[in-house]
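Here's the structure we're looking at; comments come further down.
Hydrogens, waters and symmetry mates are skipped; everything else that's a heavy atom, side chains included, is used.
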Amino acid sequence: MRKSGMVRTLLSAVILLLGCSFSSAQTNVVPTPPSNYLDVGDAKLWYEECGAATQPSVVLLHDGLVHSITWGSVWAPLCSKYHVVRYDRRGYGRSDAAKTPFVPEDDLYKIMRKVHMDHATIAGNSSGGGLALDFALAHPEMVDALFLIGPVVHGMASSDYFADRGTQNNAPMAKGDLKAVAENWSKDRFLIAGNDQRARSILYDALLKNPQNLKVAGGLEIRPSPPTVSRLSQIRVPTLVLVGDADIADVFAYSGAIEAVVPLATFEVWKDTGHLIQIQKPAELVTRFNQFVRLVERKETELRVSELDAYVGEYKVGNRIATVSRKENHLLVELPGDPYYWLFAASETKFFLRTDETEIEFQNNAAGEVTEMVVHNSDGSVIQCPRVSVGMTP
């Protein structure tokens with residue numbers, strides 16, 4: 001798995017716990033109550049809730065092809081640790097189709113209020129990721145963090161190839177041949193990587209049993225204005241973007257835009273998987289999600305501006321120079337040409353990231369002068385970065 005930006009060049013890649021096991025401790029899940037329907041005015045939405053209200057809240061938003069069943073393989077382990085809700089968006093799965101124009105963010109707001117979630121980590125795949133971004137702008141007080149899998153960005157154009165692919169896969173629908181459409185999508189090389197027959201069967205069965213999913217055009221959805229792509233910098237929560245290495249180029253473009261503009265965003269590319277990571281690599285995804293939530297919830301130590309300014313300057317990282325600066329009450333680290341990364345204080349000298357388990361420590365000499373920045377990577381390796389100059393403080 002490759003990490004981009006500074007973490008790609010300065011820090012080592014996150015090691016996934018591929019041996020993740022759903023043990024007996026994880027199977028002691030709070031019993032899932034019967035699924036319910038919420039009347040949102042001109043449609044009824046199916047939703048399902050699990051876990052205890054005292055646990056951290058999580059919302060799961062499905063993609064534009066498969067309804068909430070896409071989270072089936074991660075549902076039980078997530079329910080054992082979090083208060084979780086998933087629902088079928090209008091026209092998908094068990095929910096009513098849209099009949100009049102509507103705002104998808106309003107539906108999500110009503111679902112969260114129904115299950116008594118004041119705020120949550122929002123996880124979204126594909127168009128569900130796009131909705132998560134839209135919701136973070138519409139209701140920032142209700143979003144703790146964003147966990148995005150192959151997201152789209154509303155207002156950002158897609159390629160002709162992307163549109164042509166959809167047209168070709170859906171072509172048999174003109175003759176009423178839904179089996180052929182389901183087969184086309186299940187064999188799509190961008191959705192499922194490699195010869196993963198288990199994942200392809202899950203996708204095929206879901207579409208065959210829910211052909212209405214294939215007919216949701218989205219024409220009645222009211223998109224944000226101004227478009228989300230022009231306001232990404234306003235999203236101020238930890239944001240982790242995951243993309244399978246087999247995914248289509250458009251998704252890499254969307255994800256790159258998020259990483260470049262959202263201040264607390266990190267972009268990871270996962271090997272040997274496609275667009276539906278939650279179906280292809282559910283155990284690894286749960287491991288990464290748990291790690292992400294731990295970092296999001298980690299308590300920050302409040303430091304004085306003078307304490308932060310002591311670390312401002314330039315540090316030598318191999319043959320490159322990293323710049324440490326201060327913005328507001330946080331330090332930022334950046335390398336030329338890469339996105340900057342915000343640091344959060346664990347103590348007076350140690351700092352952490354919100355999206356990766358790497359820590360950064362500053363060391364002083366006997367005179368109390370800062371002499372180097374030490375990077376403690378998540379794999380246990382250490383990089384020592386001597387200070388080469390003292391920077392100007394804001």
Is the closest side-chain heavy-atom distance between Y315 and T371 below 4.5 Å?
no

Give a yes or no on whether K179 atom NZ has more than 12 heavy-atom contacts from other residues, nucleotides or ligands under 6.0 Å away.
no

According to a hydrophobic-cluster definition based on side-chain heavy atoms being under 4.5 Å apart (Ile, Leu, Val, Met, Phe, Trp, Tyr only), do L353 and F344 belong together?
no

Run the ring-ring contact (aromatic ring centres under 6.0 Å, His included) test on F351 and F362 for me, step by step, so that the C-alpha distance in whole Å, both residues' side-chain angles and the decisive distance to 0.1 Å come before the verdict.
CA-CA 9 Å; F351 297 78; F362 294 94; 5.7 Å; yes

I'd like to know if the side chain of R189 and the backbone of A246 have a donor-acceptor N/O pair within less than 3.5 Å.
no

Pair Y254, F162 - check ring-ring contact (aromatic ring centres under 6.0 Å, His included), show working.
CA-CA 13 Å; Y254 299 142; F162 184 90; 7.0 Å; no

Are K110 and D39 packed together at the side-chain level, in the sense that at least one heavy-atom pair is separated by less than 4.5 angstrom?
no

Let me see the working for V237 and D144 under side-chain contact (heavy atoms from CB on, under 4.5 Å), right down to the final yes or no.
CA-CA 6 Å; V237 296; D144 296 328; over 6 Å; no

Cation-pi geometry met for R165 and F190 (6.0 Å, 45°)
no

Atom CD1 of I69: over 12 foreign heavy atoms under 6.0 Å:
no

Go through it in stages, so that I can follow the logic: the residues are R236 and L264, the test is side-chain contact (heavy atoms from CB on, under 4.5 Å), and I'd like the CA-CA distance, side-chain angles, deciding distance and then a yes or no.
CA-CA 7 Å; R236 309 289 289 188; L264 296 178; 5.8 Å; no

Classify the side-chain pair S158/D250 by whether it contains a donor and acceptor separated by less than 3.5 Å.
no

Indicate yes or no: at least one non-hydrogen side-chain atom of R90 is less than 4.5 angstrom from one of D107.
yes

Counting only heavy atoms not in K114, do more than 12 fall under 6.0 Å of its NZ?
no

Would you say E372 and R387 make side-chain contact, with heavy atoms under 4.5 Å?
no

Carefully, step by step, assess N290 and T287 under the rule side-chain contact (heavy atoms from CB on, under 4.5 Å).
CA-CA 5 Å; N290 291 340; T287 296; 5.8 Å; no

Got more than 12 heavy atoms from elsewhere within 6.0 Å of NZ, K316?
yes

Heavy atoms from other residues, nucleotides or ligands near CZ of R304 exceed 12 (cutoff 6.0 Å):
no

Side chain of D96, backbone of A43: donor and acceptor closer than 3.5 Å?
no

Other residues, nucleotides, ligands: >12 heavy atoms within 6.0 Å of E302 CD
no

Distance-only side-chain donor-acceptor flag, H119 / E141, under 3.5 Å:
no

Any chain of hydrophobic side-chain contacts (each under 4.5 Å) joining W71 to I202?
no

d(Q234 CD, T228 OG1) to nearest 0.5 Å is 9.5 Å

Ring-face cation of R298 near F352 (centre distance under 6.0 Å, axis angle within 45°):
yes

Report yes or no: does D247 contribute a side-chain atom to a donor-acceptor pair with the main-chain N or O of V243 at less than 3.5 Å?
no

Donor-acceptor contact present, side-chain T70 to main-chain H67, <3.5 Å
no

Reference residue Y82; test ring-ring contact (aromatic ring centres under 6.0 Å, His included); the match among F289, F292, W75:
F289

G274 versus Q280, closest heavy-atom pair with distance
N-OE1, 2.8 Å

Looking at every heavy atom in both E284 and W270, which two are closest together, and how far apart are they?
O-CH2, 3.7 Å

For a quick test of reading the model, state the closest non-hydrogen atom pair linking A257 to L232 and the distance between them.
O-CD1, 4.0 Å

Other residues, nucleotides and ligands only: do more than 12 of their heavy atoms fall within 6.0 Å of CG on N365?
yes

CD1-OG1 distance between I122 and T239, expressed to the nearest 0.5 angstrom:
11.0 Å

Heavy-atom donor-acceptor pair, S230 side chain to P227 backbone, under 3.5 Å:
yes

When rounded to the nearest 0.5 angstrom, what distance separates NE2 in H62 from CG in L131?
9.0 Å

side-chain contact (heavy atoms from CB on, under 4.5 Å) with L65: of N125, N213, L214, only one passes, and it is L214

Does the side chain of T349 pick up a donor-acceptor pair with the side chain of E361 at under 3.5 Å?
no

Measuring only between side-chain heavy atoms, which start at C-beta, is K271 closer than 4.5 Å to K281?
no

Could you tell me which non-hydrogen atom of L303 sits nearest to which non-hydrogen atom of A345, and how far apart they are?
CD1-CB, 3.7 Å

Looking only at the side chains, is there a donor atom on one of E334 and T323 sitting less than 3.5 Å from an acceptor on the other?
no

Answer yes or no: is there a donor N or O on one side and an acceptor on the other, between the side chain of S186 and the main chain of A182, under 3.5 Å?
yes

Indicate, with yes or no, if V216 and Y87 share a hydrophobic cluster defined by side-chain heavy-atom contacts under 4.5 Å among Ile, Leu, Val, Met, Phe, Trp and Tyr.
no

Closer than 3.5 angstrom, by distance alone: can the side chain of Y47 be matched with the main-chain N or O of Y37 as a donor-acceptor pair?
no

Between S127 and G64, is there a donor-acceptor pair closer than 3.5 Å when you use the side chain of the first and the backbone of the second?
yes

Can you check whether I258 reaches V153 side chain to side chain, under 4.5 Å on heavy atoms?
yes

Look up atom CD1 in I111 and atom CG in L61, then write down how far apart they are to the nearest 0.5 Å.
10.0 Å

Please find the pair of heavy atoms, one from L308 and one from L331, that lie closest to each other, and give the distance.
O-CD2, 3.4 Å

Same cluster for V229 and L148 if Ile/Leu/Val/Met/Phe/Trp/Tyr side chains link at under 4.5 Å?
yes

Check: S95 side chain, W46 main-chain N or O, donor-acceptor pair, under 3.5 Å
yes

Kindly indicate, with the supporting measurements, whether the criterion side-chain contact (heavy atoms from CB on, under 4.5 Å) is fulfilled by E221 and R223.
CA-CA 6 Å; E221 295 184 11; R223 299 287 188 217; 2.7 Å; yes

When rounded to the nearest 0.5 Å, the distance separating CE of M373 from CD1 of I360 is 5.5 Å

For residues V305 and R326, determine if any side-chain heavy atom of one lies less than 4.5 Å from a side-chain heavy atom of the other.
yes

Given 3.5 Å as the limit, does a donor-acceptor pair link the side chain of D88 with the main chain of S68, or not?
yes

Donor + acceptor pair across side chains of Q291, R288 (<3.5 Å):
yes

Rounded to the nearest 0.5 Å, what's the gap from OG1 on T358 to CG on N377? Could you check?
5.0 Å

Please determine, by modelled atom types, if T100 and D42 share a side-chain donor-acceptor pair under 3.5 angstrom.
yes

Verify same cluster id: I279, L60 (apolar side-chain graph, 4.5 Å):
no

Minimum heavy-atom distance between L295 and E357, given as atom pair plus value
CD1-N, 3.8 Å

Do the side chains of M117 and V85 get nearer than 4.5 Å, heavy atoms only?
yes

Pair Q168-N170, side-chain donor/acceptor within less than 3.5 Å:
no

